[in-house]
Amino acid sequence: METKIYDVLPPEAIQIRTAVFVEEQGFTEEFDGIDDIAQHFVVFDDRAAVATCRLFERAPHNYIVGRIAVMQPYRGNQIGANLLRTVERIVRGNKGRSVALHAQIAAQRFYEKQGYVAYGTVDYEEHCPHIWMRKNLDP
């Protein structure tokens, strides 16, 4: 597996997010202006793009990772966990102190296993309940 980082939204990330969030989960507002300011990570298995996420700095030293998606045949193989570790390594390299994400409630346990802690109240993004989660990073 190889992870590539892009400064613009690459077609591979569009393909994965469309398959997972639009076709599989029914979201209609998948792409937004954050895509224009974020870094985009794509995980490749040989030449096939299998996972993606985006990362941006919300405030000095505080980052948000989002749109984390793994293609269905590749789930359960630690690709999402490894992608989060890659993101956290990049954030640490940028002197970041924390990473937050807006997790689907259905995925909350996965993020808790990666060290993220829920805060705030449940809210809805389109039709789906979400909760904000954060992980403080060691300096």
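Here, residue 1 is the first one in the sequence, and each next residue gets the next number.
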Under a 4.5 Å side-chain heavy-atom rule over Ile, Leu, Val, Met, Phe, Trp and Tyr, are [X] and [Y] clustered together?
X      : Y      : answer
Ile14  : Phe41  : no
Met133 : Leu137 : yes
Leu55  : Ile79  : yes
Leu101 : Ile105 : yes
Ile5   : Leu83  : yes

Tell me, do [X] and [Y] make a side-chain contact under 4.5 Å, heavy atoms counted?
X      : Y      : answer
Asn82  : Met1   : no
Tyr63  : Val87  : no
Arg17  : Leu9   : yes
Ile34  : Arg67  : no
Glu125 : Gln104 : no
Thr18  : Glu30  : no
Ile90  : Gln39  : yes
Ile68  : Phe110 : no

Residues 71-81 vs salt bridge (charged side-chain N to carboxylate O under 4.0 Å, His left out), sequence neighbours excluded, gives Glu24-Arg75

Given the rule in the side chain to side chain contact (heavy atoms under 4.5 Å, CB included) test, do Ile131 and Tyr116 qualify, once you have shown the distances and angles that lead to the verdict?
-> CA-CA 11 Å; Ile131 186 87; Tyr116 288 78; over 6 Å; no

Looking at [X] and [Y], what are the two nearest heavy atoms and their distance?
X     : Y      : result
Ala51 : Val70  : CB-CG2, 3.9 Å
Ser98 : Asn136 : CB-OD1, 3.6 Å
Arg58 : Ala100 : NH2-CB, 4.1 Å
Ala49 : Met71  : O-CG, 4.1 Å
Pro10 : His40  : CD-CB, 3.7 Å
Val65 : Cys53  : CG2-SG, 3.9 Å

- Message: A quick test of your reading: do over 12 heavy atoms of other residues, nucleotides or ligands sit less than 6.0 Å from OH of Tyr124?
- Response: no

Using a strict cut-off of less than 4.0 Å between a Lys/Arg side-chain nitrogen and an Asp/Glu carboxylate oxygen, indicate whether Arg85 and Glu88 qualify as a salt bridge. no

- prompt: Is it true that the side chains of Glu12 and Thr52 contain a donor and an acceptor less than 3.5 Å apart?
  reply: no

(request) Classify the ring geometry between Phe27 and His127 as parallel (under 30°), tilted (30 to 60°) or perpendicular (over 60°). (result) tilted

Practice problem: Verify, without hydrogens or angle tests, whether Gln15 (side chain) and Ala19 (backbone) share a donor-acceptor contact under 3.5 angstrom. | Solution: no

Rounded to the nearest 0.5 angstrom, the CD-CD distance for Glu126 and Glu29 is 4.5 Å

Rounded to the nearest 0.5 Å, the CZ atom of Arg134 sits from the CZ atom of Arg97 at a distance of 13.0 Å

